[in-house]
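In what follows, a single structure is set out as structure tokens and then discussed.
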Amino acid sequence: MRAQLLDVPIIRDERGALISFESMLTLPFHLKRVYFLYDVTASRGFHAHKSLEQVAVCLKGSCEILLDDGVEQQNVVLNKSNVGLCIPRLTWREMHNFSADCILAILASENYCESDYIREYGDFLKEVKVAK
Ligand code: T46
């Protein structure tokens, strides 16, 4: 699989830097929710989503995100605040190696919905087969 990275321009002037992600322009979906992971001391994720699409942006520090489409895996290091990693639907994700100062923002296409999660890897592979 080839992970899609969104590289947005940094608007910098003497006052500092500004980065903008906009629905349907830099983001491939309408934004409905933003959440942040920080003070992370252990690996997280280990699930896929049936319909949710997301973009992960590392605002500070670094972390690694493993993406798995059921056939191939790719490990992506995130350490730039102007780069968004697209996490498509039906993609198994694991988040590892958070630096102590890491702030990871996740931009999401839907509100929180527990029934959209696939938390067993075997169930994920079955869903991928059905979708093909
Ligand atoms: C994902 C990865 C990248 C909420 O109440 N609202 C929310 O918007 C979210 C995201 C979570 N929660 C609750 C649900 C759980 O009781 O927060 C708790 C921890 O969630 P979870 O264990 O799913 O967290 P992660 O870091 O493993 O996964 C999160 C997202 O849940 C998930 O959608 O793709 O980040």
Side-chain angles (χ1 to χ4, degrees):
M1 71 176 295
R2 169 114 53 96
Q4 197 189 347
L5 290 167
L6 310 173
D7 203 340
V8 303
I10 301 172
I11 303 166
R12 190 180 281 283
D13 60 28
E14 62 283 0
R15 299 166 298 170
L18 185 154
I19 292 155
S20 166
F21 286 89
E22 283 191 63
S23 291
M24 302 310 292
L25 290 173
T26 32
L27 286 178
F29 49 74
H30 284 287
L31 181 66
K32 276 208 183 158
R33 177 170 53 117
V34 180
Y35 59 95
F36 303 90
L37 299 174
Y38 60 97
D39 288 349
V40 177
T41 55
S43 295
R44 305 184 65 115
F46 302 92
H47 60 255
H49 283 279
K50 293 173 192 164
S51 357
L52 186 69
E53 295 176 70
Q54 302 190 105
V55 168
V57 184
C58 185
L59 299 178
K60 196 173 179 205
S62 64
C63 64
E64 291 177 32
I65 302 192
L66 178 89
L67 298 181
D68 178 344
D69 63 8
V71 179
E72 289 179 296
Q73 297 190 340
Q74 187 176 348
N75 196 51
V76 179
V77 176
L78 287 182
N79 55 14
K80 292 193 179 99
S81 52
N82 68 316
V83 173
L85 171 66
C86 293
I87 310 178
R89 64 182 287 270
L90 287 188
T91 303
W92 187 263
R93 83 286 319 266
E94 297 177 8
M95 297 174 282
H96 301 285
N97 296 324
F98 284 81
S99 62
D101 61 346
C102 183
I103 301 174
L104 184 65
I106 313 275
L107 317 178
S109 65
E110 300 296 337
N111 292 337
Y112 175 70
C113 174
E114 182 57 37
S115 64
D116 191 63
Y117 284 70
I118 307 168
R119 294 199 181 271
E120 295 295 331
Y121 191 73
D123 294 341
F124 160 67
L125 291 179
K126 280 185 210 154
E127 289 271 355
V128 169
K129 264 192 188 166
V130 169
K132 277 192 174 161

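Scope of the values below: all heavy atoms of this structure, side chains included, with no hydrogens, waters or symmetry mates. In what follows, residues are counted from 1 in the order of the sequence shown. Each ligand, and each atom within it, is numbered from 1 in the order the structure gives.
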Say whether His30 and Ser23, considering side chains only, have a donor N or O and an acceptor N or O under 3.5 Å apart. no
Residues, nucleotides or ligands: over 12 heavy atoms within 6.0 Å of [X] [atom1]:
{"X": "Arg2", "atom1": "CZ", "answer": "no"}
{"X": "Gln74", "atom1": "CD", "answer": "yes"}
{"X": "Tyr35", "atom1": "OH", "answer": "yes"}

What pairs with Arg15 under salt bridge (charged side-chain N to carboxylate O under 4.0 Å, His left out), at least two apart in sequence or on another chain? Asp13
Check ligand 1 against the protein and report each N/O to N/O distance under 3.5 Å, formatted as atom name, atom name, distance.
unit_1	atom_1	unit_2	atom_2	d
ligand 1	8 (O)	Arg33	NH1	2.6
ligand 1	23 (O)	Arg119	NH2	3.4
ligand 1	24 (O)	Arg44	NH2	3.4
ligand 1	26 (O)	Arg44	NE	2.6
ligand 1	26 (O)	Arg44	NH2	3.3
ligand 1	27 (O)	Gly45	N	2.9
ligand 1	31 (O)	Tyr117	OH	2.5
ligand 1	33 (O)	Tyr35	OH	3.4
ligand 1	33 (O)	His49	NE2	2.7
ligand 1	33 (O)	Tyr117	OH	3.1
ligand 1	34 (O)	His47	NE2	3.3
ligand 1	34 (O)	Gln54	NE2	2.7
ligand 1	34 (O)	Arg93	NH1	2.6
ligand 1	35 (O)	Tyr35	OH	3.3

Taking the six-membered ring for Trp, are Tyr121 and Trp92 parallel (under 30°), tilted (30 to 60°) or perpendicular (over 60°)? perpendicular
